[in-house]
Amino acid sequence: RQMDYSAYVVQKCNELSIEASWVGINALFESDISIDSAVIGADRIVENQGVVNGTPSLSLAEFANVKGIPFFVVGESFKKCEEMIAEDGFEFIPNYLIQKIFTDDVF
């Protein structure tokens, strides 16, 4: 849809009085900035298994896990599926790295 969903999520969080900002993945590894949580979108939500999203989502999830940062996923409910398909440029992020998955019924 040619939309920047990261900007949309930040905007929605701020509208709900949740302080949010966008931080590039390189900044995470290069600085000691304070991070309360990490949020990504999902291209697929695989029922009871995890999510599929573009690279470098798995690296971000693993980074958050190591640092003890809660890792959240936001995705529309129509993206739910039963099988995991991760094509080139996409990665599977298993449930054990995800704190909570939010779907469109939250917003």
Side-chain angles (χ1 to χ4, degrees):
R1 296 182 190 170
Q2 306 302 320
M3 181 178 171
D4 182 351
Y5 285 98
S6 59
Y8 176 75
V9 170
V10 168
Q11 175 190 345
K12 284 296 182 184
C13 287
N14 289 324
E15 287 174 7
L16 295 168
S17 299
I18 300 169
E19 186 179 330
S21 61
W22 184 90
V23 176
I25 193 148
N26 291 337
L28 292 177
F29 297 109
E30 296 172 358
S31 69
D32 291 330
I33 60 175
S34 175
I35 301 171
D36 297 318
S37 63
V39 181
I40 64 165
D43 287 293
R44 269 181 197 256
I45 301 170
V46 186
E47 296 285 346
N48 301 314
Q49 294 181 42
V51 301
V52 174
N53 200 47
T55 304
S57 298
L58 180 58
S59 295
L60 177 58
E62 290 169 339
F63 172 84
N65 186 52
V66 168
K67 295 290 189 175
I69 299 168
F71 185 77
F72 301 103
V73 176
V74 178
E76 297 91 339
S77 58
F78 72 83
K79 293 182 177 180
K80 291 180 180 178
C81 61
E82 293 184 15
E83 63 182 274
M84 193 280 294
I85 300 171
E87 299 170 353
D88 285 345
F90 292 86
E91 309 175 304
F92 177 72
I93 299 99
N95 270 347
Y96 77 87
L97 294 173
I98 301 169
Q99 183 82 25
K100 178 96 174 138
I101 299 173
F102 296 94
T103 58
D104 50 317
D105 57 340
V106 172
F107 292 121

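Sequence positions, counted from 1, serve as the residue numbers for this chain.
With sequence neighbours left out, the side chain to side chain contact (heavy atoms under 4.5 Å, CB included) criterion links E15 to Q11, K12. Under the side chain to side chain contact (heavy atoms under 4.5 Å, CB included) criterion, K79 pairs with E76, sequence neighbours left out.
Through side-chain heavy atoms spaced under 4.5 Å, either directly or across other Ile, Leu, Val, Met, Phe, Trp or Tyr residues, V66 is tied to no other residue.
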Listing, residues 35-49 side-chain donor-acceptor contacts under 3.5 Å, not counting sequence neighbours, or none:
none

Listed pairs under 3.5 Å, donor-acceptor, residues 81-102 side chains, sequence neighbours left out:
unit_1 : atom_1 : unit_2 : atom_2 : d
E91    : OE1    : S57    : N      : 3.0
E91    : OE1    : L58    : N      : 2.8
N95    : OD1    : G50    : N      : 3.3

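Looking only at distances, a side-chain donor or acceptor of N14 sits under 3.5 Å from a matching main-chain atom of V10.
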